[in-house]
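First the structure, in the form of structure tokens, and then the observations on it.
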Amino acid sequence: MARQPDGPPPPPVVQRLRVRYAKRDRLRFTSHRDFARAFERALRRAELPMAYSAGFSPHPKVSYAGAAPTGVASEAEYLEIGLAERREPSVVREALDAALPPGLDVLEVVEAAPPALADRIEASHWRIELLGVARADVEQSVDAFLALAEAPVEKIMKDGPRRVDARGPVLSVCVSDPGVSEAEEPDTQDPCAILDLVVRHVTPTVRPDDVLTALRQAAALTTPVTPRVTRLAQGLLGEMPPADAQQDGDGQQPALVPLRDPLRDVVAPAATR
């Protein structure tokens with residue numbers, strides 16, 4: 001008969017809360033494992049009545065949804081926690097935000113409702129700042145990329161190199177040049193193209209760096225400075241823009257596929273910095 005831990009079982013979960021948090025500035029280099037450790041410390045500092053798993057090594061009930069890669073900033077990371085006692089979501093948000101370092105910022109906390117958090121997320125909106133790259137060059141590469149049926153790129157996986165299609169999951173693309181990038185000095189006159197992507201979550205995951213690799217292969221796009229990537233939103237796909245609305249008479253960029261807010265199940269604008 002298997003050994004059982006001494007003592008009574010841990011209290012059950014009586015409340016589930018969903019959390020949206022951001023990784024900003026230098027904290028974008030925090031790995032998911034490092035964030036998980038920092039978050040568990042924040043739970044203790046905030047003195048939240050966490051529910052714990054059973055067994056010889058109990059862990060707080062925390063589940064994560066699709067963490068952004070190390071080195072990528074994000075305004076839309078999500079997790080869910082289970083509490084053994086009920087708390088007001090606004091109080092939990094303030095306590096957790098105060099317990100985490102600046103740059104790991106808790107933005108929203110709401111009561112969980114069906115369906116599961118993972119079932120509310122199927123795509124991400126990414127923004128890529130391309131310092132030193134002209135908008136026209138990016139638009140040329142994007143046109144070549146979108147014309148492809150497939151864009152195979154090589155990814156290094158745990159079990160070795162693997163080729164994946166970086167074209168299929170890309171649902172919409174928009175190129176702009178808003179002027180000065182966050183990464184630029186105020187007196188810099190270098191161009192900075194902005195590339196917005198909505199990418200469906202697939203397995204293996206296609207990330208912004210995979211799309212950039214495909215753009216370099218499609219039209220020899222060069223990026224003299226390491227691109228700065230931020231995830232602005234995650235969620236279920238909203239209504240696709242009509243095919244005849246890809247570009248209007250004023251030459252505006254095609255509309256991105258909207259994403260539904262996984263905390264509220266409504267179409268929400270992407271976060272801005």
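In this chain, numbering begins with 1 at the start of the sequence shown.
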query = Does the side chain of M50 come within less than 4.5 Å of E40's, by heavy atoms?
reply = no

ask   = Does the pair E122/R200 count as a salt bridge with the N-to-O cut at 4.0 Å?
value = yes

key: Shared hydrophobic cluster for V109 and Y78 (ILVMFWY, side-chain gaps under 4.5 Å)   = no

inquiry  = Hydrophobic cluster membership, with links at side-chain heavy-atom distances under 4.5 Å among I/L/V/M/F/W/Y: are V62 and Y21 in one?
reply    = yes

task = Tell me whether V110 is reachable from V19 by hopping between hydrophobic residues (I, L, V, M, F, W, Y) whose side-chain heavy atoms are closer than 4.5 Å.
result = no

query = Applying the salt bridge (Lys or Arg N to Asp or Glu O under 4.0 Å) test to E77, which of R20, R231, R28 qualifies?
reply = R231

inquiry  = Tell me if a side-chain donor or acceptor on S124 pairs with a main-chain N or O of W126 at a distance below 3.5 Å.
reply    = no

ask   = Could R167 and F145 be counted as a cation-pi pair, given that NZ or CZ must be under 6.0 Å from the ring centre and within 45° of the axis?
value = yes

inquiry  = Measuring only between side-chain heavy atoms, which start at C-beta, is D105 closer than 4.5 Å to L100?
reply    = no

task = Inspect the contact between E108 and R264 and indicate whether a charged nitrogen and a carboxylate oxygen are less than 4.0 angstrom apart.
result = yes

query = Would you call R24-E75 a salt bridge at under 4.0 Å N-O?
reply = yes

Donor-acceptor contact below 3.5 Å, side chain R16 vs main chain I81 = no

key: Pairwise side-chain contact, H201 with T205, heavy-atom cut-off 4.5 Å (strictly under)   = no

message = For E85 and Q15: C-alpha separation, side-chain torsions, deciding distance, then whether side-chain hydrogen bond (donor to acceptor under 3.5 Å, both in side chains) applies.
response = CA-CA 7 Å; E85 300 175 13; Q15 183 184 31; over 6 Å; no

query = Does E94 offer a backbone N or O that forms a donor-acceptor pair with the side chain of D97 under 3.5 Å?
reply = no

Joint cluster assignment, V106 & L83, ILVMFWY side-chain distance < 4.5 Å = yes

query = Given side chains that start at C-beta, do those of S31 and D34 come closer than 4.5 Å, heavy atoms only?
reply = yes

message = Taking P114's backbone N and O only, do any of them form a donor-acceptor pair with R120's side chain (distance below 3.5 Å, no angle check)?
response = yes

request  = Classify the angle between the aromatic ring planes of Y64 and F35 as parallel (below 30°), tilted (30 to 60°) or perpendicular (above 60°).
outcome  = perpendicular

